[in-house]
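Just so you know, ligand 1 is whichever comes first in the structure, and atom 1 is the first atom listed for that ligand.
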Amino acid sequence: MEENIIKFEDMQLSKKVLNAVKDMGFEEPSPIQAKTIPLALEGHDVIGQAQTGTGKTAAFGIPTIEQIDEKNKYIQALVLTPTRELAIQIAEEFNKIGKYKKVKTLPVYGGQMIDRQIRALRFGVKIVVGTPGRLIDHIRRNTIKLDHVKTLILDEADEMLDMGFIEDIEEIMSNLAQKEDRQTLLFSATMPAPIEKLARKYMNDPKKVMISREQITVPSVDQLYFETRDKFEGLCRVLDIEDSGKYIIFCRTKKNVDDLQASLQVRGYMVGSLHGDMSQAQRDRVMRRFREGKLEILIATDVAARGIDIDDISHVINFDIPQDPESYVHRIGRTGRAGRTGIAVTFIEPKEYRQLKSIERMTKSRMIRGELPTPADVIERQREAIKERLLKTLNNNTYADYHMIISDIANEGYDYVDIAAAALQLSIEGVKEKDDKPLDERFENTGGAPGMVRLFLNIGRKQGIRPQDIVRSFASEVDIPGSIIGVINIYDKFTFVEVPKDIAEKVISVMHRNTIKGYKLNIEPAKGKEDNKK
Ligand SMILES: Nc1ncnc2c1ncn2[C@@H]1O[C@H](COP(=O)(O)OP(=O)(O)OP(=O)(O)O)[C@@H](O)[C@H]1O
Ligand SMILES: [Mg+2]
């Protein structure tokens, strides 16, 4: 980040706002804040363009909250955002900035009970952050009155003024003061020229502030691409080669998101997904779990591409190449925020190479061609990771309680290396039974219909995998229609599937091959009546 001479203290901010900003841990303004806060405080309209993760929210939030009149009981500022998650996030940041001044900001978005919002609106809300659709709903019902709004903010302005939103935005604007009597602030990391031209029509002699003309993407994000005919296999290897991380994976369509989620779950990854066909409760839950680190992988459509601020995302993966350069910039901007580093990986099929080059050209960035890790690399890396963990345990020296067991076993004549290896297997895979019977014999008496074999599938409870997703995915892996495989029974975590006898072996071997990352997806021939009773 470039040097700023100006400090928050130099900005004509009230003590209340200044202290709140300090409480948030902001020591110095970021470049976009240094340039736009004074302009906005002077009452100018502003178009602010700066890279992802550089503090645009506070750049418009601080002056907006500073200018709120606490004694005026009406809504005085309106922020429009393209997605619900972003509305919630911005409202949270505004409430932090406004905490001492007691300026209340309310997010208003679709999918949430409108009655609840109407009730909340009665309690002295000064700023509303919303998605256009739900706002229009409120305006038409007369539950939100905007005639005292003096400040209008479009975050992700280029997206808001794009075709999909423009009519809604115009309808909302028609309820506000004329552009001469209001302050309009537009922010985004990207601002295509035609959109900026359109934007100026709604603004009053705006000041344009542009940070970093040369580079639209964040320099601290390493950008890679992989060209492959099997993106899924490539993705798994990329995920497996890292010992830890927090990943957001973008797909082009909702269906691709669902399919990828099912495939990754079958392979034992902890994944959640986010897209527009989910209920708001599901969306909130997955975002919460991802923020809290309970989910290591979030698969999403572009609904998560803009504005979302989660500070420890290590990798952004474009499983499907973005449709336009703006989408690329915003997607990869979910990592490397506020000066941190990050890795952005884009998968392409050979025919998409030109599209990749055009993204590079238009974003003035460079993606390095990567070599996919080989399966041997992955195994080597996992071995390393196990070694690291084992060495750490050794160095921590907290295992004295187990000495006795080991010496007992050694006294019985077992070799120390064998004991250690067995202990390691036990800690990673649990007790493994050796089954000497040939598979064919084990297929007898599994309790299936004639010609069918009944398999027992141990999914493990914590992964929350839907058995039907597993069935669907492995059906496609073994190249047979999912309809041949039936899910028989689910008792909490016990699931049985029935498959034709001639493919049973194949199904088992595919499932075993797919046991990854320490999560077991055990599948084995059911043991007849006994198992079915569980
Ligand atoms: N002055 C500051 N000092 C330290 N951290 C800051 C400062 N301003 C903002 N941040 C932090 O930087 C992170 C990114 O900020 P923000 O979400 O506003 O970025 P943005 O520019 O809006 O990015 P995007 O284009 O992706 O929406 C946030 O976690 C925020 O708390
Ligand atoms: Mg933002």
(message) Give me the residue, atom name and distance of the protein heavy atom closest to atom 4 (C) of ligand 1.
(response) Phe26 CD1, 3.7 Å
(message) Evaluate Gly55 for polar contact with ligand 1, using N/O atom pairs at a separation under 3.5 Å.
(response) yes
(message) Which of the numbered atoms in ligand 1 are under 4.0 angstrom from any heavy atom belonging to Ser30?
(response) 1 (N)
(request) Select the closest option to atom 21 (O) of ligand 1 among His330, Gln49, Lys56, Arg334, judged by heavy-atom distance. (result) Lys56
(message) Using a 4.0 Å cut-off to any heavy atom of Thr57, which atoms of ligand 1 qualify?
(response) 16 (P), 17 (O), 18 (O), 22 (O)
(message) Taking a cutoff of less than 4.0 Å between a non-hydrogen atom of the residue and any ligand atom, is Arg306 in contact with ligand 1?
(response) no
(request) Give yes or no for whether the N/O distance cutoff of 3.5 Å, strictly under, is met between Gln89 and ligand 1. (result) no
(message) Check this for me: Met278, atom CE, are more than 12 non-hydrogen atoms of other residues, nucleotides or ligands nearer than 6.0 Å?
(response) yes
(request) Begin from the C-alpha positions of Ser273 and Gln261 and carry the test side-chain hydrogen bond (donor to acceptor under 3.5 Å, both in side chains) through to its verdict. (result) CA-CA 7 Å; Ser273 61; Gln261 177 178 21; 2.9 Å; yes
(request) Determine, using heavy atoms of Gly333 and all atoms of ligand 1, whether some pair is separated by less than 4.0 Å. (result) no
(request) For residues Arg337 and Thr52, determine if any side-chain heavy atom of one lies less than 4.5 Å from a side-chain heavy atom of the other. (result) yes
(message) Going by salt bridge (Lys or Arg N to Asp or Glu O under 4.0 Å), Glu227 matches just one of Lys351, Arg369, Lys357. Which one?
(response) Arg369
(request) Would you sort out whether Lys102 and Glu70 count as a salt bridge (Lys or Arg N to Asp or Glu O under 4.0 Å), showing the intermediate values? (result) CA-CA 8 Å; Lys102 303 217 157 51; Glu70 299 125 289; over 6 Å; no
(request) Please could you name the atoms of ligand 1 that Glu28 approaches to less than 4.0 Å, counting only its heavy atoms? (result) 1 (N), 2 (C), 3 (N)
(request) Number the atoms of ligand 1 from 1 as they appear, then name those within less than 4.0 Å of a heavy atom of Thr54, with their elements. (result) 19 (O), 20 (P), 21 (O)
(message) Does ligand 1 come near enough to Glu93 that some N or O of the ligand is less than 3.5 Å from an N or O of the residue?
(response) no
(message) To check your reading of the model: name the closest protein heavy atom to atom 13 (C) of ligand 1, its residue, and the distance in Å.
(response) Asp309 OD1, 3.5 Å
